[in-house]
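Worksheet: one structure, shown below.
Chain identifiers are assigned alphabetically (A, B, ...) following the order of the sequence lines, protein sequences preceding nucleic acid strands; residue numbering begins at 1 within each chain.
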Amino acid sequence: MNNIAQNTIWFVLLVLLQVLIFNNINLLGHTNPYIYIAYIFYYPIKRERGRFLFLSFLLGLSIDFFSNTGGINAASTLFIAFIRLSVLSSILKKTDFDFHQFNIRSISFGRACTFITILTFTHHFILFSLDYFSLKDMGSILSKSITTAFLSISLILIGIISFTKKK
Amino acid sequence: MQQIFKFIEKYKYFLLFLILESFALFFTIQNHSYHRSKFINSANTLTGGIYRQMSSINDFFYLKKENRLLSKENIHLKNLLSLSPYDLDSVVSEQIDTVNFYQKYKYYRGKIISNNYTKRNNFLTINRGEKHGITSIMGVVNSYGIIGVTNSVSKHNATVMSILHKDSHTNVKLKNNDHYGSLIWNGKDYRTVQLVDLPRQTQVGIGDTIITGGKSSIFPEGILVGTIKDFEKQGNDFQLINIKLFNDMSALSNINIISNLEQKEIKQLETANE
């Protein structure tokens, strides 16, 4: 019960942080980090997977509601939520890893970094591809994904380090 | 039958993923088509309300700038009023009869409560809605120039498709000769938009002023857009004309919403022709 309440608070907090503050950063005139996906990294793996997929879809959709972007945040967030487990097991190179004990702070910093980088970049790439919606703009999509991902990853790492306890 | 159940059981998460993802893609594609009524937008009560609260805090910091802007516009209008034409003949001009005036455009005031300009396709949210007489497809401008066209409208809020959007095509013309073109945005810089479909014989020069053309039923003629920044020509054809906007799209606050009172009539005529 406590966990569900905690998760709900995080959910609402991340959405509000994203739409009210981080969507207005406009670093160098055009770069806004997407920090709300930290929810995907921190969500416990032991929970039921169906609920997790649904929640991540809802998370993306909430951001879409605020920023008038159709369903691009929902699509990209759902995608990284779906591939999260396979990415994690390939990074940890264990097939029978005890995922029940998993926590982003319980694995080594380098691995956590790789995990966050892969998922964030995938998310941003899908997001901008759907936003631009044409192959002609591939250059813009890639450069925007890379610069934005760099900013998002730094902010998410700082956030995770300062707001969570090491286990 | 059992096979099917087994299949579903085995791939249930993948199927859930597929269903939700197709929903998301459906919303995305719907968002790309203009005239469809949309479900995902920030004009609804919850998101509009939150933006409204935030904007009421933010406004406080821009009071000084807004005041200066308003007084500047007032002075401009007062100067226009004080310009009276010379009476060439000594006959005193007759009284103005209001029956002779016909109103085509009606202006509403409003404010932007959420601004966007960093994405490829940008929508703004304004604090005016159905309650204030706003409908979709109305022009949105401020004293510097055009901003966009209203899109989804709820009771108290509305979204505006910015000119910084892939599907935004505004009819514009050169101020010094009446050649028309279309205004688009390539998604690169929010200060620069592009002019296309200009006839090849048009004489253009750097610094020429671009204004709205009035060929669409949304904007009246003569609303400021920007100046020509640079252009490329290949043979006789224009390849690329960059236009520097008068408006700073990153700092928008008070706006006017323009309603064309003849829009319905024009639409009816146009559909009757098809």
Side-chain angles (χ1 to χ4, degrees), chain A residues 12 15-16 19-21 23-33 48-58 60-83 85 126-134 136-137 139-141 143-144 148, chain B residues 12-33 36 38-44 46-48 50-51 53-55 57-58 114-125 151-152 159-162 165-167 186-191 249-251:
Chain A
V12 177
V15 169
L16 289 180
V19 297
L20 296 181
I21 298 170
N23 271 358
N24 299 313
I25 296 255
N26 302 326
L27 193 74
L28 303 173
H30 53 76
T31 313
N32 282 329
E48 209 217 320
R49 220 175 145 204
R51 191 197 290 165
F52 171 60
L53 285 179
F54 191 71
L55 274 175
S56 46
F57 174 72
L58 217 60
L61 205 64
S62 320
I63 306 289
D64 283 324
F65 258 113
F66 277 98
S67 37
N68 292 303
T69 40
I72 63 172
N73 283 293
S76 41
T77 313
L78 183 66
F79 188 80
I80 60 163
F82 185 70
I83 62 163
L85 197 60
I126 297 171
L127 187 82
F128 290 121
S129 310
L130 287 175
D131 194 10
Y132 281 77
F133 220 69
S134 77
K136 227 170 49 191
D137 295 318
S140 309
I141 293 170
S143 71
K144 215 165 169 179
T148 312
Chain B
K12 63 179 175 189
Y13 295 126
F14 184 64
L15 286 173
L16 179 70
F17 165 73
L18 276 187
I19 292 166
L20 291 177
E21 194 79 353
S22 46
F23 265 115
L25 290 176
F26 170 72
F27 290 139
T28 307
I29 289 161
Q30 204 191 29
N31 202 41
H32 280 281
S33 62
R36 205 106 32 100
K38 276 170 227 156
F39 171 61
I40 309 291
N41 67 64
S42 65
N44 63 58
L46 179 71
T47 52
I50 291 174
Y51 274 146
Q53 290 301 320
M54 234 9 223
S55 144
I57 299 169
N58 262 335
S114 163
N115 190 8
N116 277 304
Y117 56 93
T118 54
K119 291 195 270 286
R120 175 67 184 92
N121 300 307
N122 295 288
F123 282 97
L124 323 170
T125 314
N151 197 14
S152 309
T159 59
V160 176
M161 184 196 266
S162 165
H165 192 287
K166 198 195 264 177
D167 300 328
N186 63 7
K188 295 221 164 70
D189 182 5
Y190 67 88
R191 283 160 295 204
M249 295 300 282
S250 66

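With a 4.5 Å cut-off on non-hydrogen atoms, B:Tyr51 touches chain A through its side chain but not through its backbone. Proximity to chain B involves both the backbone and the side chain of A:Asp131, based on heavy atoms less than 4.5 angstrom apart. In this structure, the portion of B:Thr125 lying under 4.5 Å from any heavy atom of chain A is its side chain and not its backbone. Residue B:Lys12: no heavy atom, backbone or side chain, is found under 4.5 Å from chain A. Residue B:Thr159 touches chain A through its side chain alone, counting heavy-atom pairs closer than 4.5 Å. With a 4.5 Å cut-off on non-hydrogen atoms, A:Phe128 does not touch chain B at all.
A:Ala74 and B:Ala24 make their closest contact through CB-CB, 3.9 Å (heavy atoms, listed as atom of the first residue, atom of the second, distance). Here the closest heavy-atom approach between residue B:Leu20 and residue A:Phe54 is recorded as CD1-CA, 4.0 Å. Among all heavy-atom pairs drawn from B:Lys188 and A:Ser140, the shortest one is CE-OG, 4.1 Å.
Counting only heavy atoms from C-beta outward, the side chains of A:Ser67 and B:Lys119 approach each other to under 4.5 Å. Two residues are said to be in side-chain contact when any heavy atoms from C-beta on lie closer than 4.5 Å; B:Phe27 and A:Leu61 meet this criterion. Looking at heavy atoms from C-beta onward, B:Asn116 lies out of side-chain contact with A:Asn23 at the 4.5 angstrom threshold. Here the side chains of B:Leu25 and A:Leu130 are in contact, with some heavy-atom distance below 4.5 Å.
Applying the side chain to side chain contact (heavy atoms under 4.5 Å, CB included) test to B:Phe23 and every residue at least two apart in sequence or in another chain returns A:Phe57, B:Ile19. A:Thr31 meets the side chain to side chain contact (heavy atoms under 4.5 Å, CB included) test with A:Leu27, A:Thr148, A:Leu151; sequence neighbours excluded.
Taking the six-membered ring where the residue is Trp, B:Phe17 and A:Phe79 present tilted rings, their angle falling between 30° and 60°.
Looking only at distances, no side-chain donor or acceptor of A:Asn68 sits under 3.5 Å from a matching main-chain atom of B:Asn122. A distance-only check finds no donor-acceptor pair linking the side chain of B:Tyr13 to the backbone of A:Phe82 [under 3.5 Å].
Taking OG of B:Ser114 as the reference point, atom CG of A:Asn24 lies at 7.0 Å (rounded to 0.5 Å).
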